[in-house]
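In the text below, chain A, chain B and the rest are named by the order of the sequence lines, each starting its count at 1. Note that this is a predicted model, so its numbers are computed, not measured. Atom set for the values below is all heavy atoms of this structure, side chains included, hydrogens, waters and symmetry mates excluded.
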Amino acid sequence: MLELKRVNMHYKTKEQCIGVLQDISLQVERGEFVAIIGPSGCGKSTLFKLIGGLLTPTAGEVWLDGEEITGKTGHISYVPQHSTLFPWRTVESNAALALEIAGVPKKKALAEVRSWLPRLGLGGYELAYPDALSGGMQQRVSFLRALLSPQELMCLDEPFGALDALTRSEMQQWLLDIWEEHRRTVLLVTHSIEEALLMADRVYVLSPRPARVLAEVPVPFARPRTAATIALPEFVALRQEIHSMLASNKE
Amino acid sequence: MTNKLLRRSGPPLLAVVLLLVIWELYVKVYQVQAWLLPAPTAIIREALSNWPRVQMHTLATLEIALLGFFLGTAVGLVLAIVLHSLAPLRQALYPLLILSQNIPIIALAPLLVVWFGFGVLPKVLIIALMCFFPILIAALQGLDYPDGAMLDYMRMIGAKPAQIFLKLELPNSLPHVFSGLKVAATYSMMGAVISEWLGAQQGLGVYMRLAASSFRTDRVFVSIFVIVALSLLFFASIVYLERNLIRWNSRREGN
Ligand SMILES: Nc1ncnc2c1ncn2[C@@H]1O[C@H](COP(=O)(O)OP(=O)(O)OP(=O)(O)O)[C@@H](O)[C@H]1O
Ligand SMILES: [Mg+2]
């Protein structure tokens with residue numbers, strides 16, 4: 001479905017040239033849940049900007065469904081790292097935004113959103129403004145916006161990064177349930193090893209900046225996965241393995 | 001609601017009343033001549049006894065102020081959208097627009113009278129000229145600088161420029177436009193009085209000038225009071241409109 005071929009990226013500022021991504025190659029198959037894990041600041045968000053076509057790589061190509069989309073926007077659905085809900089739109093109208101952009105009439109988009117909101121624990125908040133929501137609720141609206149968006153590939157940039165530990169594990173479980181029901185193609189960026197192993201079919205481990213792919217790790221645990229999965233000895237062993245991989249590659 | 005309103009408007013109201021009381025006492029105690037500084041009560045008495053005339057002048061001023069304000073607002077908003085969409089035109093026109101604000105109104109007004117006569121038109125033009133600029137600048141600010149992450153998001157999911165304009169830039173500029181409107185509202189009353197000074201049959205500017213030249217200081221103060229009250233009222237109606245239109249950040253706002 002998605003393929004990155006030897007993608008390189010530098011940022012050029014006035015004083016210097018910062019290498020961010022180095023020879024990144026990866027694939028995501030249709031219906032697969034893939035996680036990318038890397039230390040803070042290694043270039044994960046940059047990677048999404050490249051896949052989303054917002055930036056053009058210094059070298060390398062991005063392919064989606066047999067079509068080259070390097071530097072082309074509009075091919076992915078996206079949950080940004082920080083909330084980008086529009087403050088002047090209500091919850092329902094925010095969640096309908098991606099559908100509207102795709103050309104779905106507003107009425108129809110809103111009807112679809114309304115049928116989903118209760119399942120996200122947002123029933124009754126249709127007409128609230130993002131301002132009045134907790135961080136976790138905002139992130140769920142942002143997630144619904146991406147979920148309803150017609151593009152098959154969903155890119156999630158640390159969707160739970162700004163949440164407290166308890167809310168975070170609730171949201172992970174919640175995302176897991178939704179995903180196991182719908183099986184969208186997902187690419188999740190995170191810096192939590194546990195989160196990656198709990199949710200993904202496959203994990204790419206990135207080095208610190210400039211990011212290289214250190215390893216591609218298949219995640220063998222059976223689904224549906226729950227909190228109990230985290231306690232399995234195999235899970236703990238795999239987490240330890242990735243942890244030491246990241247630790248030995250610190251600058 | 002009423003309680004909150006009372007608590008908020010209490011202190012400034014008290015300050016005004018206090019000022020008036022001190023003024024009144026000062027005039028009474030030191031027996032200040034009426035043509036130098038009339039007491040507030042004398043001003044109010046004059047306003048009431050002369051009300052039909054004051055009202056006639058007030059309505060004349062209000063008319064041109066509102067016409068000029070709406071014309072200026074329309075021009076400011078349309079220009080903002082045009083300049084925002086057409087970068088080359090913006091580069092060409094921007095210096096000229098800034099220049100337009102440097103022309104002294106005192107010099108321009110007689111010219112406008114020469115060109116357009118003593119009617120309503122030249123006055124409305126002066127007011128519009130003063131009002132369009134703050135609205136243009138404010139609206140451009142909102143149109144040009146939406147939140148970067150929101151803009152990235154829109155582009156990433158494939159929003160076309162027209163969609164970005166309608167769904168992001170335009171709503172983003174609304175609070176800015178209201179800041180511009182508040183400035184323009186104040187300018188429009190000032191502009192109306194100034195334009196009437198320069199030649200008119202009626203209006204508070206005329207009334208004020210006649211009063212001053214015949215040393216009717218009380219009448220000068222009557223017009224000042226009326227102008228201040230109208231400005232405040234105008235400003236307040238825009239704040240009211242803003243509150244009702246921009247509901248999304250009413251929670252964050254302190255006052
Ligand atoms: N526009 C830019 N110009 C120059 N350097 C940039 C730019 N954007 C990002 N960088 C640099 O590139 C590096 C990677 O940034 P990026 O946001 O992709 O990291 P990240 O892995 O998403 O970090 P985090 O875990 O904090 O979200 C950072 O060191 C950052 O300073
Ligand atoms: Mg990031």
Side-chain angles (χ1 to χ4, degrees), chain A residues 45-56 62 64 69 71-91 93-94 96-104 106 109 127-133 141-142 145-151 153-157, chain B residues 1 4 77 80-81 84 135 138-182 238-255:
Chain A
S45 296
T46 304
L47 194 64
F48 272 167
K49 285 186 180 161
L50 290 169
I51 297 172
L54 213 57
L55 298 172
T56 309
V62 184
L64 187 76
I69 57 158
K72 290 187 191 150
T73 57
H75 291 276
I76 62 163
S77 117
Y78 179 48
V79 179
Q81 185 167 4
H82 305 289
S83 169
T84 55
L85 298 180
F86 291 9
W88 52 84
R89 284 185 166 236
T90 55
V91 163
S93 139
N94 258 301
L97 180 67
L99 281 171
E100 273 177 55
I101 297 297
V104 176
K106 181 136 192 185
L127 298 178
Y129 287 96
D131 215 36
L133 302 186
V141 178
S142 180
R145 183 173 69 175
L147 190 71
L148 295 181
S149 150
Q151 294 91 342
L153 175 65
M154 277 180 79
C155 294
L156 315 182
D157 191 352
Chain B
M1 180 67 214
K4 209 169 120 197
L77 290 180
I81 291 173
H84 171 72
I135 291 173
L140 271 181
Q141 175 76 22
L143 290 172
D144 290 348
Y145 302 107
D147 179 81
M150 290 182 195
L151 184 61
D152 279 356
Y153 174 77
M154 286 291 270
R155 289 173 52 208
M156 210 128 134
I157 63 166
K160 294 175 203 65
Q163 288 174 322
I164 291 180
F165 175 73
L166 286 174
K167 294 181 198 295
L168 177 59
E169 292 167 342
L170 213 53
N172 183 63
S173 77
L174 200 59
H176 296 265
V177 167
F178 269 102
S179 314
L181 286 176
K182 286 178 205 163
I238 288 172
V239 172
Y240 178 79
L241 200 68
E242 184 183 25
R243 288 254 163 82
N244 280 283
L245 258 133
I246 305 182
R247 263 171 299 179
W248 63 84
N249 54 8
S250 56
R251 218 176 53 123
R252 219 173 310 157
E253 219 175 11
N255 39 28

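- B:M154 and A:L97 get closest at one heavy-atom pair: SD-CD2, 3.9 Å.
- Neither the backbone nor the side chain of B:L174 comes within contact range of chain A; no heavy atom of the residue lies under 4.5 Å from a heavy atom of that chain.
- Options A:T84, A:I101, A:T73 differ in how many heavy-atom pairs under 4.5 Å they form with chain B, and the most are formed by A:I101.
- Residue A:Q81: no heavy atom, backbone or side chain, is found under 4.5 Å from chain B.
- Minimum heavy-atom separation, B:M156 to A:G52: CG-CA, 3.7 Å.
- Contacts of A:I51 with chain B are absent, with no heavy-atom separation under 4.5 Å from either backbone or side chain.
- In the displayed structure, A:H82 atom NE2 is contacted under 6.0 Å by at most 12 heavy atoms of other residues, nucleotides or ligands.
- In this structure, OG on A:S149 lies 6.0 Å from CD1 on B:I157, to the nearest 0.5 angstrom.
- Scanning both residues, A:L85 and B:M150, for their nearest heavy atoms gives O-CE, 3.4 Å.
- The shortest non-hydrogen separation linking A:Y78 to B:Y153 is O-CE1, 3.3 Å.
- Once rounded to the nearest 0.5 Å, the distance linking OG of A:S45 with CG of B:D152 reads 10.5 Å.
- Interface residue A:K49: backbone and side-chain heavy atoms are both found under 4.5 Å from chain B.
- Side-chain contact between B:K167 and A:W88 is absent, with no heavy atoms from C-beta onward closer than 4.5 Å.
- In this structure the side chain of B:N172 never reaches within 4.5 angstrom of the side chain of A:F86, judged on heavy atoms.
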